[in-house]
Amino acid sequence: MNVLKFGGTSVGSVESIKQVIQIIEDASRGTESTEGRNIAVVFSAMGGVTNQLIEIGRMAANGSLDYLDLVRRIEDRHFNVVKAFIPVKEQSKVFANIRGVINELEDLLRGVSLIRELSARTHDLITSFGERLSTLVMSECIRSRGLSARFCDARNLIKTDAQFGQAEVNYPLTNRLIRDYFANSNSIELITGFIGSTEKGETTTLGRGGSDYTASIIGAALDADLIEIWTDVDGMMTADPRKVSNAFNIPTITYAEAMELSHFGAKVIYPPSLQPAFARNIPIRVLNTFNPAHPGTVVSRNADRRQYTITGISSIDDVALVNVQGSGMIGVAGVSAKLFGVLAEHRISVILISQASSEHSICFAIDPRAADRVKTILDEEFAADIASGHVDNITIERDLSIIATVGEGMRKSSGIAGKLFSVLGKNGVNIVAVAQGSSEINISIVIAKTNISKALNALHNVFFQSEARILNVFLVGTGLIGRTLLSQIRSQFEYLRNEKMLKVCVVGISNTKKMLLDPKGIDLDDWRERQLTEGVTTSLPAFVEKIKSYNLPNSVFIDCTSDKDIVQFYDSLLDANVSVVTPNKVANSGSYAEYRRLQRTALNRGVKFLYETNVGAGLPIINTIQGLMTAGDRFIKIEAILSGTLSYIFNTFQSGKKFVDVVREAKEKGYTEPDPREDLSGQDVGRKILILAREAGFALEPTDVTITNLLPQPCLDAPTIDAFFEQLDANNAYFESLLTEAEAKGEKLRYVATFENGKVTIELRSVGADHPFYTLSGADNIISFITERYKDRPLVIKGPGAGAEVTASGVFADMVSIGSYLG
Ligand code: ADP
Ligand code: ASP
Ligand code: MG
């Protein structure tokens with residue numbers, strides 16, 4: 001015998017009922033590949049009906065007649081099913097049956113609205129109509145398919161105590177009644193889920209989601225071979241698929257694991273349902289009505305070996321935490337007994353308990369709806385202890401959630417808690433309380449409700465690593481570098497996912513005109529069109545606010561602009577646990593205090609602030625300095641040619657050439673700024689060497705940088721670019737003399753930035769053949785470090801230090817390194 005149970009969504013619509021009927025037919029008659037077998041089927045109310053009945057009860061108790069309309073809607077839904085499946089000439093009889101039940105409900109509601117009172121007993125009676133109606137309709141539909149089937153009201157079989165809302169089952173009596181009933185059955189029994197009755201015959205319910213429980217009670221009483229829970233997902237998943245989009249199926253799971261997951265919110269199976277099946281060792285299979293070919297999940301005593309240490313993650317979105325603390329509790333026996341005794345007496349269910357070993361405080365999580373009541377009860381119970389100062393005031397924290405990581409694989413395996421705390425820490429999720437049972441198959445944490453989605457996704461990402469970790473990227477600036485970066489992300493997407501287990505998801509793109517945000521990710525094939533059509537007018541503060549409010553795990557903000565205003569947001573982004581990557585030098589070349597502040601914030605928050613491309617584009621300069629610093633080296637001197645433009649100009653300026661022609665040529669090749677004086681002023685080089693000196697551990701301010709002017713005054717004063725070129729020509733003799741002087745010594749002119757003895761100088765110098773800069777060519781950058789460990793011969797880095805491709809790939813490398821760090 002198999003017991004099948006169909007949930008609310010499975011019997012929620014005509015379409016889904018078509019599937020259900022097919023599944024029942026296949027199970028009882030068999031298919032080409034399977035044999036038919038004995039089955040009993042349990043039904044939930046049609047999806048949403050139980051909630052509506054609760055609402056209806058509330059309306060009636062308030063004296064509002066609006067409930068009539070809702071009752072009508074419920075009736076219509078059932079009528080529509082009849083119309084879809086039952087031959088026309090048989091319909092009227094079924095309509096009459098439904099009408100009969102609805103009349104009973106209406107009589108009851110009339111009574112409620114007259115006395116304006118809704119007792120727990122009446123509440124259960126009202127909600128029982130959902131299952132009674134759905135099962136009635138389903139029985140008619142199934143019978144009309146020619147199957148021999150019988151409607152069974154579970155109130156005649158499942159006997160409970162009188163705790164309305166969540167009644168306890170009287171197993172000896174219930175088991176006997178079920179066995180007797182089935183002993184005389186020779187057709188498919190179609191049973192109302194969720195409901196039972198007291199010995200006096202009052203209707204009770206087994207708790208929300210209780211139809212699963214009905215199936216398990218019946219399965220256990222009959223010693224069934226299998227209990228099938230048919231729902232709307234492919235079995236139990238590693239997390240709630242509504243909250244974690246890449247959750248996946250768990251093929252096999254133990255009763256204990258399923259119990260922990262469902263206790264902590266995995267609604268797919270109602271926790272008490274596991275007990276009867278577990279006691280009789282009956283496997284439960286969770287299956288998808290909408291994808292019946294999927295094998296779903298088997299819950300049984302043993303699970304297959306798995307690839308992951310944890311089995312699943314679940315959450316309860318809304319809990320309150322009660323804190324009982326006080327110096328008088330230390331070492332005093334019986335405080336917990338008293339506390340939990342009184343809670344049990346009032347039937348308050350405690351979801352999680354955590355007590356520090358000092359015994360100074362105990363905190364526990366409860367349903368927030370019970371919080372006020374608990375406070376009153378405990379204030380009363382501990383009144384004397386509070387008055388004497390042994391116990392402080394009892395406090396309640398609200399707007400919290402619980403996340404539980406569950407798995408047999410966690411038993412005796414180290415590092416799980418470390419991983420859990422580290423990933424939450426890096427994502428800025430504060431942990432309010434923690435509990436781990438000694439069975440070690442569950443670690444539960446209490447966090448702020450606002451962080452629930454971020455925490456679930458971040459944890460799922462690290463614990464189920466065979467799927468890629470997700471990096472959520474927000475890009476500002478779609479100029480040459482930003483655009484190139486996006487196309488690099490696009491072309492490397494598959495590689496990163498397959499080889500680095502990293503999925504780069506671009507969530508926001510903004511330029512000076514429009515910004516586009518989509519938490520599901522923006523397709524990089526047509527981001528430009530989408531930005532134009534769907535983007536809204538750019539507002540940087542709004543963009544930054546969105547980044548924060550999305551609160552996505554592993555968020556990275558990439559600033560591909562040279563904008564001065566953007567950098568003011570870096571600190572608050574880092575503070576909100578968003579990493580920042582940028583080629584923009586502005587933040588790091590302002591005041592030293594600002595530079596330090598960003599470093600500190602990133603460090604405190606456990607996120608990254610990366611700016612390798614501030615100097616020398618993609619060349620590994622800043623990483624090299626940081627590596628040397630970390631290893632304890634000390635910097636003595638840095639010499640560098642840090643401008644591709646100036647590098648090109650002085651590599652090209654040789655005897656026989658006029659300086660003005662060289663500059664003009666550089667401009668024509670696009671190497672210079674529109675006004676070449678911006679390059680020749682040395683300001684940009686100044687900012688770069690300042691950053692390098694800071695990275696090397698020196699607290700320099702911009703005023704510590706001395707730039708020796710390269711251009712004669714009239715060139716600087718020229719009002720237009722053309723006039724500037726004229727002045728360069730007019731001053732040719734000056735440049736000529738610099739060159740001749742250098743060449744006479746066998747040296748070459750180089751525009752060099754130097755850091756030494758705490759000072760930065762930038763000047764045009766001539767260097768001899770023994771200097772590493774002598775052989776420089778093209779527009780290359782070169783940096784030479786003399787440190788305590790690289791004293792005799794300097795460490796030199798050389799190569800192209802400008803250009804969109806190499807800059808974007810430097811930004812790309814920084815971005816990817818965050819993925820592995822956060823992972
Ligand atoms: P039914 O109406 O069939 O009883 P429920 O809504 O009670 O269905 O339970 C199924 C839902 O449980 C799924 O749609 C899913 O959103 C949710 N759920 C929560 N956690 C999990 C999980 N770990 N695995 C599968 N489903 C889950
Ligand atoms: N119909 C009930 C509820 O919504 C029982 C169930 O669906 O399992 O809670
Ligand atoms: Mg359910």
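Counting starts at 1 for both ligands and their atoms, following the listed order.
Ion pairing between a basic and an acidic side chain is recognised when a charged N comes within 4.0 Å of a carboxylate O; D69 and R73 show such pairing. Ion pairing between R411 and E257 fails under the 4.0 Å rule for side-chain N and carboxylate O. A salt bridge does not link D367 with R373: none of the charged nitrogens is closer than 4.0 Å to a carboxylate oxygen. A salt bridge between E189 and R150 is present, with a side-chain N of the basic residue lying under 4.0 Å from a carboxylate O of the acidic one.
Looking only at heavy atoms of the protein, atom 6 (O) of ligand 1 is closest to K267 NZ, 3.1 Å. Regarding atom 13 (C) of ligand 1, its nearest protein heavy-atom neighbour is D232 OD1, 3.5 Å. Here the heavy atom of the protein found nearest to atom 7 (O) of ligand 2 is S44 OG, 3.2 Å. Nearest non-hydrogen protein atom to atom 26 (N) of ligand 1 is V268 CB, 3.5 Å. Counting protein heavy atoms only, atom 14 (O) of ligand 1 is closest to R242 NH2, 2.7 Å.
Under a 4.0 Å criterion applied to the non-hydrogen atoms of E131, ligand 2 contributes the atoms 1 (N), 2 (C), 5 (C). Counting the atoms of ligand 1 from 1 in the order shown, those under 4.0 Å from a heavy atom of M237 are 22 (C), 23 (N), 24 (N), 25 (C). Atom numbering of ligand 2 starts at 1 in the shown order; those under 4.0 Å from a heavy atom of R208 are 3 (C), 4 (O), 9 (O). The contact set between ligand 2 and T50, taken as ligand atoms under 4.0 Å from a residue heavy atom, comprises 1 (N), 2 (C), 3 (C), 4 (O). Atoms of ligand 1 lying under 4.0 Å from at least one heavy atom of M236, given by number and element, are 24 (N).
Residue contact annotation: P241 has a non-hydrogen atom under 4.0 Å from ligand 1. Taking a 4.0 Å cut-off on heavy atoms, G210 registers as neighbouring ligand 2. For G235, the heavy-atom gap to ligand 1 drops under 4.0 angstrom.
Considering backbone and side-chain atoms together, D212 places no N or O closer than 3.5 Å to any N or O of ligand 1. Of the N or O atoms in K5, one or more lie within a sub-3.5 Å distance of an N or O in ligand 1. Below 3.5 Å of separation, one finds an N or O of D240 facing an N or O of ligand 1. Some N or O of G8 is nearer than 3.5 Å to an N or O of ligand 1, by distance alone. At under 3.5 Å, a nitrogen or oxygen of T231, whether backbone or side chain, sits near a nitrogen or oxygen of ligand 1.
Heavy atoms from other residues, nucleotides or ligands lying under 6.0 Å from CZ of R369 number 12 at most.
Nearest-residue assignment for atom 8 (O) of ligand 2 (options G8, G48, S10, G209; heavy-atom criterion): G209.
Residues T405 and L420 form a side-chain contact, since some pair of their non-hydrogen atoms from C-beta on lies under 4.5 Å apart. I227 is not listed as a side-chain neighbour of K5, based on a closest heavy-atom distance of 4.5 Å or more.
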| So T160 and T204, side-chain hydrogen bond (donor to acceptor under 3.5 Å, both in side chains) or not? Walk me through it. | CA-CA 7 Å; T160 70; T204 53; 2.9 Å; yes
| said: Test side-chain hydrogen bond (donor to acceptor under 3.5 Å, both in side chains) on S211 and S44; report intermediate values, then the result. | reply: CA-CA 6 Å; S211 299; S44 287; 3.2 Å; yes
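Contact annotation: for A239 versus ligand 1, heavy atoms closer than 4.0 Å belong to the backbone alone. Contacts of V233 with ligand 1, taken as heavy-atom pairs under 4.0 Å, involve the side chain alone.
A distance of 8.5 Å separates CZ in F129 from CG in L53, rounded to the nearest 0.5 Å. Atom CZ of F463 sits about 5.0 Å away from atom CD1 of I310, to the nearest 0.5 Å.
Between Y255 and F278, the ring planes lie perpendicular to each other; the angle is over 60°, past the 30° to 60° tilted range. Ring orientation note: the planes of Y308 and F248 are tilted relative to one another, at an angle of 30° to 60°.
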